[in-house]
Amino acid sequence: MPVSYVLRRSASTPVDAPVLEPAQRAVVEHPGGPLLVLAGPGTGKTTTLVETVVDRIERRGLRPDQVLVLTFSRKAAEELRTRITARLGRTGVLPTAATFHSFCFGVVRQFAPADMFVDPVSLLSAPEQDVRLRELLVGSRDMGTVAWPDALVPAIRTRGLAHEMQALFAQARAHGWDPDDLAAVGRASERPEWVAAGQVFAEYLEVLDAQGFVDYAELIHRAGLIAADPAHQAELHDR
C-alpha cells in the first residue's frame with residue numbers, strides 16, 4: 001500500500017522574553033543614538049542585544065531588514081541570528097547578523113569601480129599576509145629601500161617582527177592613518193622604527209593593490225571610507 005507524505009510548515013512560536021535586570025532594561029529602552037555598553041563575560045550582553053533588536057522591531061516599528069547586528073566571529077553571528085529568530089517567532093525577512101569583516105567585504109565589493117568586476121578584490125588570509133610581509137621586510141633590507149634602525153636589522157627575517165608590523169599596520173588603519181601619517185608620527189616621536197614601518201606599510205599596500213588583495217584591517221578601513229562618502233550614505237542608511 002503506497003504511503004503519502006504531506007509537508008507542512010511548523011508554526012513559529014516566539015520564545016518567551018527573558019527577565020532583564022535594570023541595567024539591561026536601560027539599554028533596551030535607550031531612546032536612540034550611539035550607546036556604549038561595557039560588561040564582562042557572562043553578564044548577559046548577548047541577551048541584551050537580542051532584546052534590543054526585538055524591541056526595535058516589535059515596539060518601535062523598525063522593519064527587520066533595517067536592522068544590522070555585527071559581531072567578531074561567525075559562531076557569534078550564527079547564535080545571534082538563531083536567538084533573534086526564536087524571539088521574533090517568524091520566518092521570512094530577518095535582521096542581518098554578520099561579522100564585521102563579512103559585512104565590510106560585501107560593502108567593498110558592492111561599491112567597487114565597474115572595472116574591478118572582472119578581477120574583484122580578494123581577502124588576504126592571515127598566513128598569506130605573513131608570507132607577503134616577511135618578503136617585503138627582507139627585500140626592504142636587501143635593497144636598502146628602508147632606513148631600518150641598526151637594532152632591528154637582526155630581526156628583519158623573523159616571524160615576530162612580521163607579526164609586530166601586522167599589528168602596527170592594523171592600529172594605524174584603526175586610527176585612519178595612511179603610511180605617511182605613520183611615518184610622520186614616528187618622526188615627531190623620535191621613533192625611527194615607526195618611520196621605517198611607514199615606508200614598509202606604503203610598499204605593502206601598493207603590492208596588495210597590484211595583486212587585488214586587501215587584508216582584514218584594510219577591509220574595514222575601505223568600508224569606512226565608503227560609508228563616509230556622501231554619495232553612498234543615503235543608500236547605506238536606507239538599507
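Hydrophobic side-chain contacts under 4.5 Å tie L35 into a cluster, directly or through other members, with V27, V37. Annotation for I57: hydrophobic cluster partners, listed by chain and number, are L49, V50, V53, V54, L62, V67, V69, L80, I84, L88, L94 (ILVMFWY side-chain heavy atoms under 4.5 Å, direct or chained).
Taking the side chain as every heavy atom from C-beta outward, L205 and R173 approach each other to under 4.5 Å. With a 4.5 Å cut-off on side-chain heavy atoms, L68 and P95 do not count as touching. Side-chain atoms of H232 and Q110, non-hydrogen and from C-beta on, never get closer than 4.5 Å to each other. Annotation: side chain of I156 is not in contact with side chain of R134 (no heavy-atom distance under 4.5 Å).
The ring pair (Phe, Tyr, Trp, His ring centres under 6.0 Å) pairs that include a residue from residues 23-52 number zero, where partners must be two or more places apart or lie in different chains. Applying the salt bridge (charged side-chain N to carboxylate O under 4.0 Å, His left out) definition to pairs two or more places apart or across chains, those involving residues 182-198 are R191-E193. For residues 52-61, the set of pairs meeting the salt bridge (charged side-chain N to carboxylate O under 4.0 Å, His left out) definition, not counting sequence neighbours, comprises D55-R59, D55-R60. The stretch residues 29-48 participates, sequence neighbours left out, in these salt bridge (charged side-chain N to carboxylate O under 4.0 Å, His left out) pairs: R25-E29. Applying the ring pair (Phe, Tyr, Trp, His ring centres under 6.0 Å) rule to pairs touching residues 49-82 yields F72-F100, sequence neighbours excluded.
We find that R87 and D16 are not joined by a salt bridge, their nearest charged nitrogen and carboxylate oxygen being 4.0 Å or further apart. Electrostatic pairing of E218 and R222 counts as a salt bridge here, judged by a charged N lying under 4.0 Å from a carboxylate O.
Applying the side-chain contact (heavy atoms from CB on, under 4.5 Å) criterion to S73, with sequence neighbours excluded, gives K75, A76. Scored by the side-chain contact (heavy atoms from CB on, under 4.5 Å) test, D142 finds V138, R157 as partners (sequence neighbours excluded). Applying the ring pair (Phe, Tyr, Trp, His ring centres under 6.0 Å) rule to F201 yields the partners F169; only residues at least two apart in sequence or on another chain are considered. Under the side-chain contact (heavy atoms from CB on, under 4.5 Å) criterion, V131 pairs with E135, sequence neighbours left out. Not a single side-chain contact (heavy atoms from CB on, under 4.5 Å) links V19 to another residue, sequence neighbours left out.
Note: the hydrophobic cluster containing V108 does not contain F213 (ILVMFWY, side chain heavy atoms under 4.5 Å, direct or indirect links). L137 is not connected to M143 by any chain of hydrophobic side-chain contacts under 4.5 Å among Ile, Leu, Val, Met, Phe, Trp and Tyr, and they are in different clusters. Residues V214 and V207 do not share a hydrophobic cluster, defined by chaining ILVMFWY side chains whose heavy atoms lie under 4.5 Å apart.
When all heavy atoms of A147 and Q199 are compared, the pair lying nearest together is N-OE1, 3.5 Å. The shortest non-hydrogen separation linking L208 to L124 is CD2-CD2, 3.9 Å. Heavy-atom minimum distance, V146 versus A196: CG1-CB, 3.5 Å. Here the closest heavy-atom approach between residue L168 and residue A197 is recorded as CD2-CB, 3.6 Å. Taking all atoms of both residues into account, the shortest heavy-atom contact from A183 to V195 is O-CG2, 3.6 Å. A pairwise comparison of heavy atoms in L136 and Y204 identifies CD1-CA, 3.4 Å as the closest pair.
No donor-acceptor pair closer than 3.5 Å links the side chain of R159 to the backbone N or O of H163. Between the D215 side chain and the A217 main chain, a donor and an acceptor come within less than 3.5 Å of each other. A donor-acceptor contact shorter than 3.5 Å is absent between the side chain of S189 and the backbone of G186. Listed for the Q24 side chain is a donor-acceptor partner under 3.5 Å among the backbone atoms of G44. Between the side chain of Q129 and the backbone N or O of Q166 there is no donor-acceptor pair closer than 3.5 Å.
Atom CG of L225 and atom CD1 of I220 lie 12.0 Å apart (nearest 0.5 Å). To the nearest 0.5 angstrom, L133 atom CG is 13.5 Å from E128 atom CD. Here the straight-line distance linking atom CG of D130 with atom CE of M165 works out to 13.0 Å at 0.5 Å rounding. Atom CD of E21 and atom OG1 of T48 lie 8.5 Å apart (nearest 0.5 Å). Interatomic distance, H221 NE2 to C104 SG, rounded to the nearest 0.5 Å: 12.0 Å. Within the model, atoms CZ of R74 and CZ of R81 stand 10.5 Å from one another, a figure rounded to the nearest 0.5 Å.
A donor-acceptor contact under 3.5 angstrom links the side chains of S102 and T99, judged on distance only. A donor-acceptor pair shorter than 3.5 Å can be found between the side chains of W148 and S140. For the residue pair R83 / T47, a side-chain donor-acceptor distance below 3.5 Å is found, with atom types taken as modelled.
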